[in-house]
Amino acid sequence: MFYSLNGEDLHMSENTLPSNTFSSVSRRAFIAGTGSILGALALPGRAAATPPALESGAHVPALVIGTGYGGSVAALRLAQAGVDVQMVEMGMAWDTPGTDGKIFANTTSPDYRSYWLRTRTKQPISNFLGFPIDKDVPRYTGILDAEQFSGIIVYQGRGVGGGSLVNGGMAVTPKRENFPGILPTVNPDEMYGTYYPRANAGLGVNFVDQAWWETVDCYQFARVGRKQAQRSGFPFVFVPNVYDMDYMKQESAGTVPKSAVAGELLYGNNYGKKSLQKTYLAQAKATGRVTISAMHKVTSVAPAPGGGFTVLIDQITTNGDPITTKSVTADKVFFAAGSVGTSKLLTKLKATGALPNLNGEVGKGWGDNGNVMCGRANHIWDPTGSVQASIPTAGIDNWTNGGVFAEVAPLPTGIETWASFYLSITKTPNRGQFSWNASTGQVDLNWQTAWKQPSIDAAKTIFDKINAKEGTIYRTDLFGVYKVWGDHLTYHPLGGAILDRATDNYGRLQGYSGLYVIDGSLIPGSTTVNPFVTITALAERNIENIVARDL
Ligand code: FAE
């Protein structure tokens, strides 16, 4: 079953879709979720009077650290409940065109906008035909952070919209049978009946038109992926996305400016993608109660003498240097800086004595969602196409037998590569822990590259079989010289402030009344599929409880 969100065209399309399409959200529940969003829009706001920009010495009722999924849900729902919200975001606003007239750079030509404070790109696929493809770029507060810890690079979006600015838009609701393993203390009936539908509606999730998909050049790579998966007996599943699939049809027909079809993604999409700026954050701003301060980085949160919390914030330049430090008092503070950002802040604040009452669970339970990448070399008669849409639409599901869900990913290089490329999400027991390093003044993560071995083993349950069936081999030239596995990175950081351990069962931090966690750090390391729908749905669930009980 599946649903469509194209205006009034809200209906099930079971007849036209394979039964193995991902989604466990019922039509009634989905419409209930949509109604809730539309109803919420009709609530009285203060559209005329936008709250003032963040000034040092200000007192704010609610301060949200970060503008990704968790932060955007929190801001919208708090504002709708009548609370003025200050959102603080360390990255850029991404609302102004660069020197080429475009806001975002293309994936094939990274420039100063592409990386967060690096002088050389750190592309997830670092090599091609064995040759390194990274290049020098000016140091700038660019959109993609390749944050290096021991044993792993964690890719994250930086800017207003967080990860929604750079991600593949795959909006996957986990299979219900897997949910107890994802968030064991959360009631699945509530999630699948109310909060997943609400999240899908709020995010603007839609499906590709499969009749179009079957014929169009830019999904040839995915059709090759399907053919080979099915020949080896693996279920091939279509997954929803937040990219506007009607827009992509027009791109492909040449009637609108191209984005996904021109390979835009990793450094932002100039068109088509319904990032949070266009969904939750647009609604939040429309209430008139939400102010977003970009290029502001929170460095400290501590109890304020007269109640509430003192929040220290560095306003930074595009070089990353602080211009000024602001001190703000907030009655309530929502940590929504992402799994890594929130974990680093909380670990530091506990260790350095700013928030000593946080419990010993802070910094624990961090996972990589079992991410591992690989490419396969196809035969010359199996081209994957020189034009590849950057938006993935499907995956290979071997979760039940092999603990792996593999996204059939594009390789939008603009040339024929005869490569099939995959990002696998796997079941893995390994979890890392953040700790404060007093000598460097940094937060470390104790991840080891060897901890990816269970992920590689899981991915091999699919790709060894496909290679054997097709008479093909792995590509060894994409992650170095003779290196098969992209086991050095994750796109899906999760955990570090686990629900019902570091916080109560709704994200209230233990030890302090008025501090909350509301992002991916609540989830203990795995969502079995791409994570942002689950992050959004959990945030919807938690903020509803917080608004009802704590305001
Ligand atoms: P996130 O979206 O990371 O937002 C946190 C925000 O806080 C960021 O904007 C930070 O700049 C900001 N911040 C951090 N520290 C501070 C501070 N001290 N002061 C002020 N601001 C701060 O968090 N997921 C999917 O479900 N489907 C996909 O297709 C998908 N593809 C991906 C592709 C890439 C390349 C990447 C990097 C990620 C992808 N993800 C995907 C993961 C997804 O984007 C991620 O799980 C969510 O963005 C996490 O949401 P959070 O709200 O936890």
Side-chain angles (χ1 to χ4, degrees), residues 63-74 87-94 107 116 123-124 141 143-147 153-174 199 203 205 239-243 265-268 273 275-277 280-281 292-301 311-316 334-346 348-349 369 371 373 390-393 395 407 409 423 425 489-497 517-523 527 529-536 538-539:
L63 187 138
V64 177
I65 308 171
T67 56
Y69 292 91
S72 300
V73 171
M87 299 186 83
V88 180
E89 168 57 53
M90 69 193 265
M92 301 186 64
W94 298 112
T107 307
W116 179 257
Q123 302 185 62
T141 44
I143 200 162
L144 186 64
D145 194 352
E147 192 168 359
I153 298 169
V154 185
Y155 284 90
Q156 296 151 89
R158 293 274 173 255
V160 174
S164 78
L165 295 165
V166 299
N167 68 32
M170 290 178 79
V172 194
T173 300
L203 293 166
V205 173
V239 296
N241 205 288
V242 296
Y243 197 89
L265 186 80
L266 213 48
Y267 312 130
K273 170 109 79 78
S275 66
L276 289 165
Q277 288 178 332
Y280 274 97
L281 287 173
I292 304 176
S293 298
M295 304 293 279
H296 281 63
K297 181 177 182 181
V298 171
T299 59
S300 179
V301 178
V311 184
L312 297 183
I313 305 162
D314 281 347
Q315 185 173 1
I316 60 172
F334 290 81
F335 287 83
S339 161
V340 171
T342 292
S343 301
K344 284 199 313 188
L345 271 173
L346 294 176
K348 179 180 107 173
L349 297 175
N369 209 23
N371 279 191
M373 290 178 175
S390 60
I391 295 295
T393 49
E407 172 183 326
L423 168 60
I425 293 165
L489 83 181
T490 186
Y491 284 177
H492 298 164
L494 293 166
V517 175
I518 191 149
D519 60 15
S521 50
L522 292 170
I523 298 173
T527 51
V529 290
N530 312 64
F532 74 62
V533 173
T534 298
I535 294 170
T536 306
L538 183 66

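Because only heavy atoms are used, hydrogens play no part in the values below, and waters and symmetry mates are left out as well, while side chains stay in. Atoms within a ligand are numbered from 1 in the order they appear, just like the ligands themselves.
- A distance-only check finds a donor-acceptor pair linking the side chain of Asn241 to the backbone of Gly168 [under 3.5 Å].
- The shortest non-hydrogen separation linking Leu346 to Ala497 is CD1-CB, 4.0 Å.
- The protein heavy-atom contact nearest to atom 28 (C) of ligand 1 is Met170 N, 3.6 Å.
- At least one side-chain heavy atom of Pro124 sits less than 4.5 Å from a side-chain heavy atom of Tyr155.
- A distance-only check finds a donor-acceptor pair linking the side chain of Ser339 to the backbone of Gly495 [under 3.5 Å].
- With Ala337, Gly162, Ser293, Ala539 as candidates, the residue nearest to atom 5 (C) of ligand 1 on a non-hydrogen basis is Ala337.
- The shortest N or O to N or O distance between Gly169 and ligand 1 is under 3.5 Å.
- Annotation: atom 49 (C) of ligand 1 to nearest protein heavy atom, Ile535 CD1, 3.6 Å.
- For ligand 1 and Ala336, the ligand atoms under 4.0 Å from any heavy atom of the residue are 5 (C), 6 (C), 7 (O).
- Within the set Gly168, Gly163, Gly68, the minimum heavy-atom distance to atom 3 (O) of ligand 1 is found for Gly163.
- Of the candidates Asp519, Thr534, Thr536, Asn167, Tyr69 forms a side chain to side chain donor-acceptor pair (under 3.5 Å) with just one, namely Asn167.
- Looking at Lys297 next to ligand 1, no N or O pair under 3.5 Å apart turns up.
- One N or O on the side chain of Gln277 and one on the backbone of Ala93 form a donor-acceptor pair closer than 3.5 Å.
- If you check each of Thr141, Thr490, Val298 against atom 17 (C) of ligand 1, the one with the closest non-hydrogen atom is Val298.
- Of the protein's heavy atoms, Tyr69 CD1, 3.4 Å lies nearest to atom 50 (O) of ligand 1.
- In terms of polar-atom proximity, defined here as any N/O pair under 3.5 Å, Gly520 does make such a contact with ligand 1.
- Using a distance-only test at 3.5 Å, with no hydrogens or angles considered, a donor-acceptor pair links the side chain of Thr342 to the main chain of Ala337.
- In terms of heavy-atom proximity, Met87 sits nearest to Gly66 at CE-O, 3.7 Å.
- Ranking the protein heavy atoms by distance from atom 26 (O) of ligand 1 puts Phe532 N, 2.7 Å first.
- Atoms NE2 and CG, on His492 and Asn530 in that order, are 4.5 Å from each other to the nearest 0.5 Å.
- Across all their heavy atoms, Leu266 and Leu144 have their closest contact at CG-CD2, 3.8 Å.
- Taking distance alone, with nitrogen or oxygen atoms compared against 3.5 Å, Gly159 approaches ligand 1 more closely than that limit.
- Looking at Thr527, its side chain never comes within 3.5 Å of a backbone N or O of Asn369 through a donor-acceptor pair.
- Heavy-atom distances between His296 and ligand 1 reach below 4.0 Å in at least one pair.
- With distances taken over non-hydrogen atoms, the option nearest atom 9 (O) of ligand 1 out of Met87, Glu89, Arg158 is Glu89.
- Comparing Val172, Leu266, Leu165, Ile65 against atom 35 (C) of ligand 1, the shortest heavy-atom distance belongs to Leu266.
- Listed by number with element, the atoms of ligand 1 under 4.0 Å from a non-hydrogen atom of Val88 are 20 (C), 21 (N).
- Backbone and side-chain nitrogen or oxygen atoms of Pro531 are examined, and one is located within less than 3.5 angstrom of a nitrogen or oxygen of ligand 1.
- Nearest protein heavy-atom contact of atom 23 (O) of ligand 1 is Gly338 CA, 3.3 Å.
- Nearest heavy-atom pair across Asn371 and Tyr491 is OD1-N, 2.9 Å.
- Closest to atom 16 (C) of ligand 1, if we only count protein heavy atoms, is Met90 SD, 3.3 Å.
- Note: an N/O pair closer than 3.5 Å links Gly70 and ligand 1 by distance alone.
- The protein atom (non-hydrogen) at minimum distance from atom 30 (C) of ligand 1 is Asn167 CB, 3.4 Å.
- Not a single donor-acceptor pair under 3.5 Å links the side chain of Thr67 to the backbone N or O of Glu89.
- At a 4.0 Å heavy-atom cut-off, ligand 1 touches Asn530 through backbone and side chain alike.
- Closest protein heavy atom to atom 37 (C) of ligand 1: Tyr155 O, 3.4 Å.
- Under a 3.5 Å cut-off, the side chain of Lys348 and the backbone N or O of Thr299 do form a donor-acceptor pair.
- Those atoms of ligand 1 with a heavy atom of Asp519 less than 4.0 angstrom away are 52 (O), 53 (O).
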